[in-house]
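Comments concern the structure below.
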Amino acid sequence: MSASAAKRYRTETRLVHAGTLRSSFGETSEALFLTQGYVYDTALSAERRFKNEEPGYQYSRFSNPTVTMFETRMAALEGAQAARATATGMAAVTTALMGQLRAGDHVVAAKALFGSCRYVVEDHCPRYGIASTLVDGTDLDQWRNAVRPNTKTFFLESPTNPTLEVIDIKAVAEIAHAAGATLVVDNVFSTPLYQRPLELGADCVVYSATKHIDGQGRCLGGVILASEDFIQTHIHTLIRQTGPSLSPFNAWVLLKGLETLAVRVQRQTDTAATVAVALAEHPKVARLIYPGRPDHPQAEVARRQMRAGSTLVAFEIKGGKAAAFRFQDALKLVKISNNLGDAKSLITHPATTTHQRLTPAARAELGITDGLVRLSCGLEHPDDLVEDLVTALAVG
Ligand SMILES: Cc1ncc(COP(=O)(O)O)c(C=O)c1O
């Protein structure tokens, strides 16, 4: 089903059918085209394909039918004109930023970013003569004041990793556009089901497909979604020539992941809300952050731009690092892992893992205390999960 045909159907239907390219064998499940290259009937045909005078595949670094199916399904889901898949979420972030930026340009980003994303903005960009400014993403004046004549793009994630801050995407997009800049949004934590940054004014959306899109902890992947013009101008040639491309095998796994995305994420979000209720008033929990709750610091923005909460809950355990470690070690069902979006519930201690690269002062500024843990809710029964967490808190 083409992306335009998919438009008349609802999200769940698009997740199952959009982008399917059925071969002459009539297979029900999407075919896995595990091939590096493609053969041409004649030398003239090869020449014409390289000149873009004839449609068809040339080499799987450029494109591959299974990868095309994944890209088309993602574009239909997000309501984007075009998509390009990448080997990892970080390849998607790096390509979306570096594809737009040149030496002498300036990028503004929210400082509450996943550790590697912050590395790209703070350390990688300046190595290539691109200046960067980090701002408090929830303070719109800081975005406005950071603008320089050479500002080319803004970058943010919302909700943020790991403190689940919610940034007003529509307002930041307006500031970016008034400055002649674009806005790139990393939408991993909300998923395409619950937040549509392009509809809110963003120019480009990126995902780590490694997370909810696979959803079963199997493979890495990423995707960049934008207008056809944005993809052609900034992304297409960079991916084709430098090769952060997605493998067809991983594209196939991710396609199967998309079929069940809606049921999984809905169930995981409901579970996260249940966990938040169970832990919010717990005597060993100093602070609990969940975007679906009225006590969330940006509850009003979350209500406006997110259709539901999140599959993640962050909470601070009284007693700092030692108590947080004792709590994690006492968990039986929930596994210790820096990953998220999996069918298995996973717990992370950001200060010593995903955000350990930051200085203690930078962590403090972001609210990443030594007692903070981030829980990614899986598909277990919510009561089993709550029991596991409450039992471990009694030990910690
Ligand atoms: C918000 C966010 N963006 C990007 C990434 C990077 O994705 P990947 O690990 O697939 O490169 C991650 C997690 O790893 C993440 O949590």
Side-chain angles (χ1 to χ4, degrees), residues 78 80-86 88-158 160-161 167-188 195-208 222-244:
E78 193 75 31
Q81 285 176 358
R84 285 295 182 277
T86 54
T88 64
M90 283 320 303
V93 169
T94 309
T95 306
L97 294 178
M98 299 309 282
Q100 298 182 79
L101 294 163
R102 306 283 179 272
D105 288 346
H106 175 232
V107 51
V108 185
K111 61 177 79 151
L113 287 179
F114 169 60
S116 301
C117 295
R118 188 155 160 164
Y119 168 83
V120 170
V121 172
E122 209 176 13
D123 298 71
H124 185 76
C125 283
R127 281 173 47 193
Y128 293 88
I130 300 157
S132 61
T133 305
L134 292 172
V135 298
D136 174 349
T138 62
D139 181 347
L140 297 178
D141 280 336
Q142 289 200 21
W143 289 99
R144 278 187 205 101
N145 294 337
V147 169
R148 300 181 193 168
N150 56 343
T151 304
K152 283 284 150 50
T153 191
F154 282 14
F155 177 51
L156 63 87
E157 63 188 44
S158 181
T160 61
N161 183 358
I167 299 177
D168 188 335
I169 296 173
K170 189 163 179 282
V172 175
E174 281 166 8
I175 298 167
H177 295 160
T182 60
L183 172 64
V184 178
V185 175
D186 180 335
N187 205 33
V188 163
Q195 183 167 274
R196 296 276 163 77
L198 295 178
E199 287 171 12
L200 295 165
D203 301 275
C204 176
V205 180
V206 288
Y207 287 100
S208 165
V223 61
I224 305 168
L225 298 125
S227 67
E228 190 65 52
D229 180 53
F230 186 101
I231 294 288
Q232 288 305 329
T233 308
H234 304 296
I235 308 298
H236 176 80
T237 307
L238 187 61
I239 290 186
R240 187 182 160 111
Q241 305 297 358
T242 65

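Remember, it's a predicted structure, so these values are computed and weren't measured experimentally. Atom set for the values below is all heavy atoms of this structure, side chains included, hydrogens, waters and symmetry mates excluded. Position 1 is the first residue of the sequence, and the numbers go up from there.
- In this structure, Leu183 CG and Cys204 SG are separated by 9.0 Å, a value rounded to the nearest 0.5 Å.
- Looking at heavy atoms from C-beta onward, Val120 lies out of side-chain contact with Phe155 at the 4.5 angstrom threshold.
- Here Glu122 pairs with Arg118, Arg357 under the salt bridge (Lys or Arg N to Asp or Glu O under 4.0 Å) rule; sequence neighbours left out.
- Of the possible donor and acceptor atoms, none in the side chain of Asp186 sits under 3.5 Å from a partner among the backbone N and O of Val93.
- Side-chain contact annotation: Asp136 with Gln142, donor-acceptor N/O pair under 3.5 Å absent.
- Under the salt bridge (Lys or Arg N to Asp or Glu O under 4.0 Å) criterion, Arg144 pairs with Asp141, sequence neighbours left out.
- The shortest heavy-atom contact between Ala202 and Val185 is CB-CG2, 3.8 Å.
- Between Ala110 and Ile167, the shortest heavy-atom distance links the atoms CB-CD1, 3.7 Å.
- Under the salt bridge (Lys or Arg N to Asp or Glu O under 4.0 Å) criterion, Asp139 pairs with no residue, sequence neighbours left out.
- Shown here for Ala85 and Ile239, the closest heavy-atom pair between the two residues is O-CD1, 4.3 Å.
- Gln195 places a side-chain N or O within donor-acceptor distance of the main-chain N or O of Ser158, the cut-off being under 3.5 Å.
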- Message: Run Ile235 and Thr95 through side chain to side chain contact (heavy atoms under 4.5 Å, CB included) and show every step you take.
- Response: CA-CA 7 Å; Ile235 308 298; Thr95 306; 4.2 Å; yes
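- Residues Cys125 and Met98 have side chains in contact (heavy-atom distance under 4.5 Å, counting atoms from C-beta outward).
- For residues 92-129, the set of pairs meeting the ring pair (Phe, Tyr, Trp, His ring centres under 6.0 Å) definition, not counting sequence neighbours, comprises His124-Tyr128.
- Residues satisfying the side chain to side chain contact (heavy atoms under 4.5 Å, CB included) test with Lys152, not counting sequence neighbours, are Leu101, Asp105.
- Rounding to the nearest 0.5 Å places CZ of Arg240 at 10.0 Å from CZ of Arg84.
- Here the shortest heavy-atom pairing between Ile224 and Ala96 reads CD1-N, 4.2 Å.
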Could you give the side-chain donor-acceptor pairs of residues 173-181 under 3.5 Å, partners two or more places apart or in another chain?
unit_1: His177; atom_1: ND1; unit_2: Ala173; atom_2: O; d: 3.3
unit_1: His177; atom_1: NE2; unit_2: Asp203; atom_2: OD1; d: 3.4
unit_1: His177; atom_1: NE2; unit_2: Asp203; atom_2: OD2; d: 2.8

- Evaluate the criterion side chain to side chain contact (heavy atoms under 4.5 Å, CB included) for residue pair Trp143 and Leu156; output intermediate values, then yes/no. CA-CA 11 Å; Trp143 289 99; Leu156 63 87; 4.0 Å; yes
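- Between Val121 and Ser132, the closest heavy-atom pair is O-OG, 2.9 Å.
- Considering every non-hydrogen atom in both Cys117 and Glu157, the closest pair reads SG-OE1, 4.5 Å.
- Between the side chain of Thr86 and the backbone N or O of Pro244, no donor-acceptor pair lies under 3.5 Å.
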- Test Asn187 against Glu78 for side chain to side chain contact (heavy atoms under 4.5 Å, CB included), laying out the working first. CA-CA 11 Å; Asn187 205 33; Glu78 193 75 31; 4.3 Å; yes
- Query: Going through the distances and angles, do Thr151 and Thr133 end up as a side chain to side chain contact (heavy atoms under 4.5 Å, CB included)?
  - Reply: CA-CA 10 Å; Thr151 304; Thr133 305; over 6 Å; no
